[in-house]
Amino acid sequence: MVYDEIFASRIKVADFSLRHTFESAQPLTFYGHYNNASNTLTYADGQHMLNVGFEGNAESGQIVVASRYANAIEDVKKRFRLEDDMNGMYASVSTDAFMRKAIGKYRGMRVTLNDPWETTVCFIISQFNNVKRIRGIVLKLIGTFGSDIKDDNDRVIGRSFPKSADLLNVTESDFKKIGAGFRARYLAEAAQYCTHNLDLYKLDPNDYEGLKSELTGITGVGDKVADCIALMGYGNMHAFPIDVWVKRTLEKFYFKGRKKSVKELHAFAEKKWGRYAGFAQQYLFYQGMNI
DNA sequence: ACCCAGGCGGGCG
DNA sequence: CGCCCGCATGGG
């Protein structure tokens, strides 16, 4: 019997870009490993290592999945939201010249659907921080507190993301040692809270207000981080995270540079992009950051 | 040297 | 409610 067989398969897909999806500051950006030359992404999904490649262009192509995990295809479909109606989503957020330009430039960028706890940790770390350093801290967290993923010959092929219960004995001081800075206390408390007080896996992904109120109960999770978790940890496309880039971009291109409050901008996004606001946001964010 | 980063908690008016 | 402040750290 062959225990160490690599399961490989292809998925036909339209409107997909692995590179833009990887580079747009989502959880996979922080702990995945992307090879620009081969256009492949390697990451841990739970206890399984997945290797995802893409052949084709932004309009259409094939995703090539290689893994020892039999359910890899389903996980990839879920993670990259391959069942989404991209034509419908693009149609409803192509509201103006700025959006059409961003979509044209980054066509195929997906809003990924990630593990709620992993998303919570990544975006607690993200606050008042930059993408490069967020990735460094997340990788150190996984390297220090995660565990090895091995193949059937006992060879180490990757590291898994620690669950909240794996971090119960990790102190604020320990989190400072991996470079988390003032966020160290938030991480230590979040591990306790999400193990003992709040089961992230029981929240209703479709209840936006409920998600916001439960998630902001975690120390270190405010309005913006809760929106990121609702969007990328639960797939709630209604969520519209407003960070410095989105705020700046909205003010510059929709309000002639005038300062607007986060509250006003939320109302604006709700009216303009409605139930796909989160999808629009990812293009606003990425375009804004790269200008 | 100085400024900034996918903000938040806490205190104040 | 809004506003203001401090906060750790590393890269440009």
Side-chain angles (χ1 to χ4, degrees), chain A residues 20-32 102 106 109-114 116 118-141 144 170-194 211-252 258-267 269 277-291:
Chain A
H20 294 323
T21 302
F22 171 77
E23 289 180 348
S24 58
Q26 302 189 229
L28 286 172
T29 310
F30 306 137
Y31 64 80
Y106 302 118
M109 180 168 65
R110 303 287 178 132
V111 173
T112 57
L113 177 59
N114 307 271
E118 294 177 9
T119 308
T120 300
V121 170
C122 286
F123 283 99
I124 284 176
I125 292 170
S126 80
Q127 63 185 82
F128 199 41
N129 211 341
N130 59 66
V131 173
K132 186 166 187 169
R133 206 165 80 89
I134 297 162
R135 176 175 163 85
I137 296 168
V138 171
L139 289 179
K140 270 188 253 182
L141 179 130
T144 308
V170 179
T171 64
E172 178 180 347
S173 162
D174 296 328
F175 283 119
K176 282 208 167 187
K177 286 176 191 154
I178 61 167
F182 66 89
R183 310 161 196 83
R185 179 171 72 89
Y186 304 155
L187 293 172
E189 290 185 18
Q192 302 294 326
Y193 191 76
C194 293
L211 283 174
K212 290 293 289 287
S213 84
E214 291 294 337
L215 293 170
T216 51
I218 305 168
T219 306
V221 177
D223 191 61
K224 188 270 174 183
V225 168
D227 272 330
C228 285
I229 302 168
L231 180 61
M232 292 172 240
Y234 291 90
N236 192 306
M237 284 288 189
H238 189 87
F240 189 85
I242 300 178
D243 73 315
V244 291
W245 297 109
V246 171
K247 186 169 190 296
R248 216 174 269 163
T249 303
L250 287 177
E251 287 168 346
K252 182 173 178 183
R258 296 198 310 277
K259 295 293 177 192
K260 290 284 165 184
S261 70
V262 169
K263 190 174 178 178
E264 287 173 306
L265 294 176
H266 266 126
F279 186 70
Q281 178 273 163
Q282 195 62 19
Y283 284 80
L284 282 165
F285 164 77
Y286 198 49
Q287 168 76 346
M289 194 174 67
N290 289 331
I291 285 174

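Here the structure is a predicted model, which is why all the values come from computation and not from measurement. All chains are named by letter (A, B, ...) in the order of the sequence lines, taking the proteins before the strands, and each is independently numbered beginning at 1.
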Side-chain contact, heavy-atom cut-off 4.5 Å: A:Val225 with A:Ile218? no
In whole angstrom, what separates A:Glu189's CD from B:dG10's C1'? 14 Å
Please work out which residues in residues 175-184 of chain A have a non-hydrogen atom less than 4.0 Å from an atom of DNA chain C and list them by number. A:Lys176, A:Gly181, A:Phe182, A:Arg183
Using only atom types and a distance under 3.5 Å, with no angle test, would you say the side chain of A:Arg135 pairs donor to acceptor with the backbone of A:Ala25? no
For atom CZ of A:Arg133 and atom C1' of B:dG7, their distance in whole Å: 13 Å
Between B:dC8 atom P and A:Gln127 atom CD, what is the distance in whole Å? 6 Å
Show me the dot-bracket string of DNA chain B, counting Watson-Crick or G-U pairs under 3.5 Å, with | for pairs to another strand and [ ] for crossing ones. .||||.|||||||
Rounded interatomic separation in angstrom, taking CD1 from A:Ile124 and C1' from C:dT9: 18 Å
Between A:Asp223 and A:Thr216, is there a side-chain heavy-atom distance shorter than 4.5 Å? no
Heavy-atom distance under 4.5 Å between the side chains of A:Lys212 and A:Asp227, does that happen here? yes
Could you tell me whether the phosphate oxygens of B:dC4, OP1 or OP2, come under 4.0 Å of any side-chain nitrogen or oxygen in A:Arg248? no
Donor-acceptor pair, side chain of A:Arg183 and main chain of A:Ala180, under 3.5 angstrom: yes
Between P of B:dG9 and CG of A:Leu215, the distance in whole Å: 12 Å
Span that lies between the P atom of B:dG9 and that of C:dG10, in whole angstrom: 23 Å
Does the side chain of A:Leu141 reach to within under 4.5 Å of the side chain of A:Phe30, using non-hydrogen atoms? no
Quickly work out the A:Glu172 CD to B:dG9 P distance and round it to whole Å. 15 Å
Locate the shortest heavy-atom distance separating A:Val221 from A:Ala226; write the atom from each residue and the value. CG1-N, 3.7 Å
Classify the nucleic acid contact of A:Gln282 as base, sugar-phosphate or nothing, counting any heavy atom under 4.0 Å across all strands shown. base
Would you check if there is a donor-acceptor pair between the side chains of A:Asn129 and A:Ser126 at a distance under 3.5 Å? no
Pick the nucleotide of DNA chain B nearest each of A:Thr216 and A:Gln26; which residue has the one closer to the 5' end? A:Gln26
Using a 4.5 Å cut-off on heavy atoms from C-beta on, say whether the side chain of A:Val138 contacts that of A:Val121. no
Any chance you could lay out the side-chain hydrogen bond (donor to acceptor under 3.5 Å, both in side chains) test for A:Tyr286 and A:Glu23, step after step, and finish with the verdict? CA-CA 9 Å; A:Tyr286 198 49; A:Glu23 289 180 348; 3.2 Å; yes
Ring of A:Phe128 versus six-membered ring of B:dC8: centres under 5.5 Å and planes under 30°? no
Tell me: NE2 of A:His266 to P of C:dC1, nearest whole Å? 13 Å
Closest listed nucleotide, where the reference is the side chain of A:Trp245 and the choices are B:dG7, B:dA5, B:dG9: B:dA5
Calculate the interatomic distance between A:Met289 atom CE and C:dG11 atom P; express it in whole Å. 17 Å
Can you tell me how far C1' in B:dC8 sits from the matching atom in C:dG11, rounded to whole Å? 23 Å
At 4.0 Å (heavy atoms only), tell me whether A:Lys263 reaches a base, stays on the sugar-phosphate, or touches nothing. sugar-phosphate
Sugar-phosphate only, base, or nothing, as touched by A:Ser24 at under 4.0 Å among non-hydrogen atoms: base
